[in-house]
Amino acid sequence: MSQKIRVRFAPSPTGPLHIGGVRTALFNYLFAKKNGGDFVLRIEDTDQNRYVEGAEQYIIDALNWCGIPFDEGPGKEASFGPYRQSERKHLYKQYAEELIQKGKAYYAFDTSEKLTFHRQEHEAKGKTFIYNWHNRFKLDNSLSLSDAEVQTRLANGDDYVVRFYTPQDQKLHLKDEIRGAIEIDTNVLDDKVLFKSDGMPTYHLANIVDDHLMEITHVIRGEEWLPSLSLHQQLYDAFGWKAPNFAHLPLIMKPVGKGKLSKRDGAKLGFPVFPLSWEESLGYREAGYFPEAVINFLALLGWNPGTEQELFSLVELTTSFSLDRVNKSGARFDPDKTKWYNQYYLQGKSDSELAEQFALLLKEKTIDQARGTLSYIEQVVGLIKERATFVKDFWALADYFFIAPTTYAEKGVKKQWKEDTSEIMGQLVALLKNADTFDSEPLEAYVKLWIHDKELSFGKVMPPLRLVLVGDMKGPHIFDIMALLGKEESISRIEKAILTL
């Protein structure tokens, strides 16, 4: 029986989750769900100096808002827990010691001052200091010291780190699901630190041990971890464990195309780079994006379905997703495209769902009760939503449905309000007062017949009528507006404009 697919998303709680992290989580989720597997959240909090209060909960809330919840993780314990590395720290020391016993790692007692001295000495000669086969037998470690000296140092409680013993003169043959075969010369690698005397592992050791113990079958992570692949593969080999399949996702690039997308790009160009707000930084949720839109545009950053299709539900993404259609090269982030996706998903929402969201915005404004009912708001939404990208756009598109205009667009007045307009509008008021019905279609026929009988041009009636009802030359079909405003309100607005203008 083949092993069950298990993937993990393993962020550090050092701040908010960047949109690139969300994309990594999404690709892990899609891969797991497509293959009937498990999506695990593991919090990599071994670096307590960089731990930020609230960041872990933020990560969980962000995944839930995006609609890609994890199957196992903090708060969803299963047999592979605990899921915070800080709660697993008792595990790692034995593995570091196992590597030392196998001759795959060693104790190093070099002080930070000594290492800084070596670094500076190399820089002065135009070289780079690398702790590896070049110099490890000359430095302060268990390779250059006698066993007795090492035991004395350890017994005295001297500070130490455990370093990986990188072999010399070997070629590593690595495989990446996205990039294919990779060959690395071990002579260019350094002896990375795996464990420190404070009892905490470094990311490299903890990551490998946890992935092994949690039976992770595929490690899908960002391109920035590609340089660590050689060490991670060597650690699996050193322990005699089967390594998972690795896949390194391409970077998300700045809108200009060069360099990795950063928080600064978002601030400069006015778009979010976080799923939810964090301190002063606006999130996609708070900016008015729908989670479906965020997931859809993120999925197509670095992955393509091999077709022209651009719009995918989460179910369709799950069905279509495969690692062999993930690109190697970076994906350019396009803020305008993200808005295009949001507009699409907004148009697909029911008027009642959008009305409920719009009602929350209207609550902040003192709206007359009759015009604040959900059924009225729903009718307004039905008329204006096709011009909107976000729910927050509704007010600018529909304010006149709730508040009568107090001023009129200068340009509109200049162009539409002629000497005889007040008189024509006065006659129109008399006509409207006699209307039997104020439904849009019969009202339109009634007014147009009057215009025809009076031998007026539509230009003399319709544009000024829009101006007085709306306050500007915008809005949907004029008779739809009148039908929704009602007879009394429509007449009141025309009469007020006659007096004002």
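When a residue number appears, it is its place in the shown sequence, counting from 1. As the structure is a prediction and not an experimental result, all values here were calculated from the model.
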Under 4.0 Å between a Lys/Arg side-chain N and an Asp/Glu carboxylate O for [X] and [Y]?
X      : Y      : result
Asp399 : Lys474 : yes
Glu177 : Lys175 : yes
Arg42  : Asp210 : yes
Glu72  : Arg6   : yes
Arg153 : Asp140 : yes
Lys242 : Glu215 : no
Asp190 : Lys192 : yes

Sort out for me which residue in Val40, Ile216, Val7 forms a side-chain contact (heavy atoms from CB on, under 4.5 Å) with Asp211. Ile216

Taking side chain as C-beta onward, heavy atoms only, is His218 less than 4.5 Å from Ile5? yes

For residues His122 and Thr128, determine if any side-chain heavy atom of one lies less than 4.5 Å from a side-chain heavy atom of the other. no

[X] [atom1]: over 12 foreign heavy atoms closer than 6.0 Å:
X      : atom1 : result
Gln94  : CD    : yes
Lys102 : NZ    : yes
Asp147 : CG    : no
Asp159 : CG    : no
Lys349 : NZ    : yes
Phe239 : CZ    : yes
Lys34  : NZ    : yes
Lys76  : NZ    : yes

Would you call the rings of His248 and Phe246 parallel, tilted or perpendicular, where under 30° means parallel and over 60° means perpendicular?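 It falls in the parallel class, under 30°.
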
Fit a plane to each ring of His232 and Tyr203, take the angle between them on a 0 to 90° scale, and name the class: parallel (under 30°), tilted (30 to 60°) or perpendicular (over 60°). tilted

Could [X] and [Y] be counted as a cation-pi pair, given that NZ or CZ must be under 6.0 Å from the ring centre and within 45° of the axis?
X      : Y      : result
Lys337 : Phe297 : no
Arg8   : Phe39  : no
Lys93  : Phe195 : no

Can you check whether [Y]'s main-chain N or O pairs, donor with acceptor, with [X]'s side chain at less than 3.5 Å?
X      : Y      : result
Thr318 : Leu314 : yes
Asp265 : Ser262 : yes
Arg23  : Leu301 : yes
Glu77  : Gly75  : yes

Who pairs with Phe390 by side chain to side chain contact (heavy atoms under 4.5 Å, CB included), at least two apart in sequence or on another chain? Tyr289, Lys339, Asn342, Lys392, Asp393

Tell me, with the steps shown, if Asp191 and Arg136 meet salt bridge (charged side-chain N to carboxylate O under 4.0 Å, His left out). CA-CA 9 Å; Asp191 290 358; Arg136 57 190 166 208; 2.8 Å; yes

Could you go step by step and tell me if Asp45 and Arg88 meet the salt bridge (charged side-chain N to carboxylate O under 4.0 Å, His left out) rule? CA-CA 10 Å; Asp45 58 350; Arg88 301 171 65 83; over 6 Å; no

